[in-house]
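This report refers to the structure that appears directly beneath it.
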Amino acid sequence: MKLQFKKGSAKSAVVAFLAVIFGLLAGALLIAVTGSDPFTGYAYLFKGGLMSTERIGDTLATSTPLILSGLSVAFAFKTGLFNIGASGQMLMGGFCATAVGLTLPLPFIILLPLEILAAIMGGAIWAVVPGFMKARFNVHEVVSTIMMNWISYWIIYYAVPAYFKGQFLETESRAIPDAASMKVNWLTHLFDGSFVNLGLFLAIAAVMIIAFILNRTVMGYELKAVGYNRFAAEYAGINVNRNIVLSMMIAGALAGLGGATMYIGNASNIQIGILPSQGFDGIAVALLGANSPLGSMFAALFFGLLYSGKGFMNAMIQIPPEIADTIIATIIYFAATSVLIERLVNMLRFRKRGQ
Amino acid sequence: MEYVVEMLNIRKEFPGIIANDNISLELKKGEIHALMGENGAGKSTLMSILFGLYQPDNGSIRIKGKEVRISNPNVANDLGIGMVHQHFKLVHNFTITENIILGIEPKKGLTLDLKSAAERIRLLSEQYGLNVDPYEKIENVSVGMQQRVEIIKMLYRNAEVLIFDEPTAVLTPHEILDLMKIMKNLVAEGKSIILITHKLKEIKAVADRCTVIRRGKLVGTVDVAATSEARMAEMMVGRQVSFQVDKSESKPGEIILQVENLSVLNHRKVLGLKGCSLDVRSGEILGIAGVEGNGQTELVEAITGLTRIESGKVLLKEQDITHLLIRERIEAGIAHIPEDRQKRGLVLDYTIEENMVLEVYDRVPFSNKGLLDRDAIRNYTDKIMKNFDVRAGEGAESFARTLSGGNQQKAIVGREVELNPELLIAVQPTRGLDVGSIEYIHKRLVEQRDKGKAVLLVSLELDEILNVSDRIAIVSNGELIGIVNAAETNENEVGLMMAGVRKGESN
Amino acid sequence: MWTILVQIFPYAIAFTIPLLITALGGLFSERSGVVNIGLEGLMVVGSFGGALAIAKLQPVFPNGAVWIGIVVAMLTGIVFSLLHAFASINLNANQVISGTAINMLAGALTVFLARNITGSGNIRIGSGLPRIDIPILSSIPIVGKLFFTQTYASTWLVLVILAISWYVLYKTAFGLRLRACGEHPHAADSAGVNVFWVRYIAVMLSGAFAGLGGVVILITYSGEFTGSVSGLGFLALAALIFGQWKPLGILGATFFFGFASTIANVSQVMPALASIPSVILKVFPYVVTLIALIVFSKSSQAPRAAGEPFEHGKR
Amino acid sequence: GSTPSPAGSGGTAATAAKFKVGMVTDSGTIDDKSFNQGTWEGVQKAGKEFGLETKYLKPTGTTEADYLKEIGNLYDAGYKFIVTPGFKFSTTIFQAQDKYQDGKFVIIDASPAGKDGKESIKPNTVAIFFAEQESGFVAGVATALQLKEGDVGFIGGMEIPPVQHYNWGFQQGIKYANDNFSTKINIKPENVVYQGTFSDVAAGQQLAAHMFDSGVKAVFAAAGGVGVGAINEAKARAKAGKQAWIVGVDVDQFKDGIYDGSKSIILTSAMKKIDIAAYDMIKAEKDGKFPGGKSMIFNSKNNGIGIPDKNPNLSADVTTKVADVFKKIQSGDIKVSPDKGSLIK
Ligand SMILES: Nc1ncnc2c1ncn2[C@@H]1O[C@H](COP(=O)(O)OP(=O)(O)OP(=O)(O)O)[C@@H](O)[C@H]1O
Ligand SMILES: Nc1ncnc2c1ncn2[C@@H]1O[C@H](COP(=O)(O)OP(=O)(O)OP(=O)(O)O)[C@@H](O)[C@H]1O
Ligand SMILES: [Mg+2]
Ligand SMILES: [Mg+2]
């Protein structure tokens, strides 16, 4: 499975934009077919995500883990790896952060960095295993990361009740105390009681750092060289195996951080029996964002908006909220078949010139 | 005059390039017709049209006087046209029989009838002296054998017209002779052949007529016997070319590279290079002659660090580099023009400028404290592109993928030379290039030598080795057979040694 | 131990069969050169189509409905797989991405439709396939007890398909062509094989088989479409690699998965296994797969052209 | 937020003011044959009867934020009377009752509690509990009486209080029947399991199959989708002419167990009448009698739990005896403990 990389950010932006348009059109068609008015539907959808400060905050919070998981997948893509295991890494990262938050009675200023560190390490370790298997044994990361997802699923499944059992429930951990949560009062107030939290800033910082690493640093140069052509990288004396492991490690760290923003940010405990779907959505985010950090951030915000607004749409009119997921999936299909869009663009351009 | 194939006024355009512009070619029954032209001239395209892989935008094709539309290879097969492609089209884990019958499988009921197919293949093989084992797997046979499989594939389909696209590029001198014999057999049995090749000597040896094309346009068709090699070459490139590399006497100095008793495992985990010892001095070009797969790759990879050394030593300027990392060897003064420019030489999805610092990006001035310096990289790239005449649409910012093969190669040569190495290893530096580019690259190799550097040249082209090297080391079956002075040897002697005959043994 | 084995055998097999048939579908697709990580989604649509057909038809044809459902599921899988075929064969799209899109689309669209139909997003069927003891064979000692008691008709259907697949793949012209397309499509192309068609058929087979896998889950043990097959499609993909892209290899791999997860599931009620921590039993199949991937990495039999778009005439 | 309906819906106006009733589901679907469905049926019944608009939303996840978001969506869309089934809503309602002070909340199976576990029911909230142990007890007695002797088992979903109560009540019921009606029903420790999810159908089937194979005659499955697997297994066995019973949970599952025309493998069901609870609360609100700030228990006394009125698989004699036992629970003659005590798991 070789991944092809598209360059030229203007072109990918156009493709992404058209994919979004087509996805929304397909969604409109579906809404119409099921007997509702697409315009009203979409109006409620966007209102639901944006109509109040609180809702804007919620949309941002919904986007936060998506930004990070998207960034994780995009980063791995850029370096030639398909990280389909962001879910498991998020779970592990989130678990480690929760564990630290629940165990160490430290002041916020010290505790938060520790939690973040734990999340990053948890995610990174979970990704290093497939990275190492890829580097050393050339085991395809798609399969190994999927296996790692399930392993983390079951480990958390048994570890949470065993060590961090909730007050009432076996199925989730104890609640993270306020002093250990990413939610901070000033933000909550600023956004009228939204659950937006410091995770958002962490995500934005991560986007900046990753963009900088990829474009400006020796490390990014090496990582991409290995991703694009590991034989040439080897020829040039770049340590290929180390870079593959490093790349997976960073991707895992990003996903792990994303897990922390979910479990000690948006939520206040970790639940068992669920692989966070945000990990898989990260693939969509990265695809729409053409694997660029900034692109992924915008894609995540857009998906966050859809996810955040769909409930309100469902509350207002009879459109099942799965429409949002359907729209996202359609967008991804169109992004995957961008050749079609490119041809369309060329055709239109050609016709214009012809006139 | 009866023509088996007439291609008339063929035109084929690819996005941005007219690969065939009004080309006509006529093939007589029972002749070997050479098709010649520089790289990218449009030879393969023309033949792909005849074979039904492409549809012409314009023009017509007649087979035995009848106008036909060849919409796909099946139609070509039915018309008795077969093609041996530049790159063999064989499935590595199929047997020879399975490869040959693919697409026209004989059946017993629903089940494949492999037995009767194998029997027919054995008979064909005997008839034309091809000597293939129907049950052997492709991955276990030599390149020459694979080519013979391709030939049987055509014969099995009762082809009357056989197209060979650069068939000799991958063969040893001995295999080339065999192939020529086979081709003569084929025409004697009434087949007609179109032979694409860059090698004038081969055209002289077997072809009756020769059609030359240049940049998609027909230059002309000549009678081979009546035309000199120089004239044909001129037709091809549109100017006079010298085949001789101008160079002065070499002035060898101190030993730069010393290889002692080197043994290396190949990818099949057996010794691919056995106890090889040689040295290269400053101011000389040492050529490695040998048939493909006889230890050259292992030797080069062992020196550059791409492969682990089983036993023995490699010294660079008396420093033992046997266990150094690749990057450390580059820093110690080894530069390497790799055999496969697209696989090893370039990151195709990087721009030229990113490719130009592939080995030095982490050095000052290209980066500082882990941060890349774009300006420094740009200046460096511009310099290389100017010095080595690398042409690309968007200059330093062009993606390597968009460059033509020749320009890709020039960029790599420029990059490696610019490292200012003590030892320059050039592996097949002119593979698949046209004569103009070849000439250029040879000049740069000699220039390195004249600057007092050591050059190790590995090539499968005997002519190149003989023309460019000062001394020639011949390898066969992983062993060093001998080292001769270029000035004192000839093709015959080297060819014999490549076949494993040590000097003096033959008489 | 023997009694435990005999007891869990039928359930292990019931769990193995959907994995097996789905992996077999993946095998056809990949050996023709098209990587299909959309198997999960194709299973989901199969289970959706089948559930819908069965739920609607059962009141009318109480006996035939299940079989009609099987056919419908396979057809649904085929139709959906065309999306993947179109993207990866006609448009040369990145096959991994297209497959991911299929997975997302399947999960979202089917639940969306089911919600419009049933209001809840789930579709429950009245009853699935009965379990039967095969006459005569089931009385053979040992073997009869293990293989011929308490079996579903779908199990035999899938095993027959497996046998036919093996024959088609290795003994017929179509199989030869299919394998050639997966190893070296240009070779097949120049030999006059229509690579596009072969790949289309292969992807459609993967759709049909994955759809069958989805509906088998429904009619044997789940009885309900829920919009998910809980990762079995991905597990099938792993089994395909574990089984080294060979029919008998994936039979072994999927049986291993089936057996290991059944043991993990029932370990709680088996005193012999209750002493092993559950977490170990649960992660066991996944860890073993990882180890197997490492072991097989040396001699990978992956089809060489799998995942690479085929461009007619590209050099 | 936007409130399309002009009629004020705040306050406990005893008028027939049109209020809209919303529900947020827990994990699981609206037709889960369990508490989501039960709640929704109650909401719908009230909606029809009183001409109210009703709506349910299914959250995308199961975190507090997910739940709060859907409550906000309902609230902003004018659904200010919100019913939430499931223990998981505890912390969510704790916040919602403050955040939406003119909203009304009904939480089932739990009471609002802060992170520290401190409970606090505000005047706009009612917490509803069920005495599942009593329901399990009755079902246990019925099972024992009907089967007379042999093994029975229990499959739970997740190990959460309501499920535990069912289990412990069931065990007490069996014991009661053994002691008082000299039945010989046995529960082995290995036949009492919590599968760990409410969704793994395959595991449910395999667990039930294993129990049946090891001689269990009836399995009490309080396990959502896992229970569906168990029911499927029992049906498959019954079709093959073997004996296999399931004791249903939450609602009357008789219909789900039908395999041959009218025969069903559901012996009886341990019900808790969530639909009635939901309905009652809506009705109370409509009548201006919303018991805000209170925690209510539905048990045998108010007929909030029990087994179905009709149990075609129980003999007439068993039915009368069970009815007797039920009366004794109502009167307090029989006490069913909600604690584990010396019981299994
Ligand atoms: N499929 C294609 N799409 C676009 N351009 C193509 C394609 N095939 C060939 N070309 C271009 O057409 C021109 C002729 O190519 P062709 O392969 O026929 O050259 P050639 O004479 O066979 O060269 P060589 O000696 O390198 O084999 C080249 O510029 C080539 O890049
Ligand atoms: N498949 C293709 N699609 C588009 N452009 C192509 C294609 N192949 C070649 N080109 C373009 O055509 C030009 C000539 O390329 P070509 O590969 O024929 O050069 P070459 O010197 O013959 O190299 P080679 O030795 O690799 O055959 C280049 O500008 C190249 O970018
Ligand atoms: Mg060319
Ligand atoms: Mg060519």
Side-chain angles (χ1 to χ4, degrees), chain A residues 1-6 30 33-35 77 82 84 129-130 133-134 136-140 142-144 146-155 157-159 162 275 277 280-281 283-284 287 318-340 343, chain C residues 35 37 41 83 86-88 90-116 119 121 227 231 234-235 237-238 240-242 264 277-283 285-287 289-290 293-298 300 302 306-309:
Chain A
M1 284 184 263
K2 197 184 154 236
L3 295 165
Q4 264 175 0
F5 299 90
K6 294 254 152 58
L30 263 182
V33 165
T34 56
F77 260 134
F82 188 26
I84 205 168
V129 176
M133 286 175 61
K134 168 93 175 183
R136 179 73 181 72
F137 301 104
N138 202 21
V139 170
H140 202 289
V142 163
V143 180
S144 55
I146 289 172
M147 296 299 119
M148 293 303 284
N149 278 350
W150 287 107
I151 296 173
S152 65
Y153 174 96
W154 286 113
I155 290 178
Y157 190 93
Y158 289 102
L275 269 176
S277 60
F280 294 104
D281 291 338
I283 301 168
L287 288 179
Q318 208 51 52
I319 303 173
E322 283 77 17
I323 190 73
D325 310 70
T326 310
I327 291 171
I328 289 175
T330 316
I331 290 173
I332 294 317
Y333 186 73
F334 280 116
T337 57
S338 58
V339 190
L340 203 63
R343 276 188 209 160
Chain C
V35 168
I37 77 166
L83 282 177
F86 177 69
S88 47
N90 291 70
L91 300 179
N92 293 331
N94 182 320
Q95 297 170 8
V96 174
I97 296 176
S98 162
T100 306
I102 299 287
N103 285 336
M104 299 178 74
L105 197 59
L109 188 64
T110 53
V111 177
F112 177 83
L113 294 176
R115 274 258 225 170
N116 278 296
F234 288 115
L235 213 54
L237 203 65
L240 178 60
I241 299 176
F242 195 166
S278 310
V279 63
I280 292 188
L281 290 167
K282 291 284 191 196
V283 302
Y286 307 107
V287 172
T289 303
L290 285 178
L293 289 174
I294 290 175
V295 171
F296 287 135
S297 64
K298 282 274 172 324
S300 175
E308 311 239 319

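Just so we're on the same page: letters track the sequence lines, and every chain starts at 1. Note that this is a predicted model, so its numbers are computed, not measured.
- If you measure heavy-atom distances from A/Y333 to chain C, the contacts under 4.5 Å come from both the backbone and the side chain.
- With chain A as the partner, the residue from C/T289, C/L91, C/T100 showing the most heavy-atom pairs under 4.5 Å is C/L91.
- In this structure, chain A has no heavy atom under 4.5 Å from any part of C/I280.
- Closest approach of A/L30 to A/T326, counting heavy atoms only: CD1-CG2, 3.5 Å.
- Ranked by heavy-atom pairs under 4.5 Å with chain A, the list C/L237, C/L293, C/N90 is led by C/L293.
- Contact tally against chain C (heavy-atom pairs below 4.5 Å) for A/L287, A/T330, A/I319, A/N138: the top residue is A/L287.
- Of the atoms belonging to A/L275, not a single heavy atom falls under 4.5 Å from chain C.
- Ranked by non-hydrogen atom pairs under 4.5 Å with chain A, the options C/L109, C/I294, C/L235 are led by C/I294.
- Of the residues considered (C/A238, C/S278, C/A93), C/S278 shows the highest number of contacts with chain A, using heavy-atom pairs under 4.5 Å.
- Residues C/A87 and C/S98 approach most closely at CB-OG, 3.5 Å, considering heavy atoms.
- Ring planes of A/F82 and A/F77: parallel class, angle under 30° (limits at 30 and 60°).
- C/N103 does not touch chain A: none of its heavy atoms, backbone or side chain, sits under 4.5 Å away.
- Separation of atoms OG1 (A/T337) and CD1 (A/I332) is listed at 10.5 Å; rounding is to 0.5 Å.
- From C/L290, atom CG reaches atom CE of A/M133 across 4.5 Å, with rounding to the nearest 0.5 Å.
- We find the CD-OG1 distance between A/Q318 and A/T34 to be 9.5 Å, quoted to the nearest 0.5 Å.
- With a threshold of 4.5 angstrom between heavy atoms, A/I151 approaches chain C through its backbone and through its side chain.
- Here the closest heavy-atom approach between residue C/L83 and residue C/I102 is recorded as CB-CD1, 3.6 Å.
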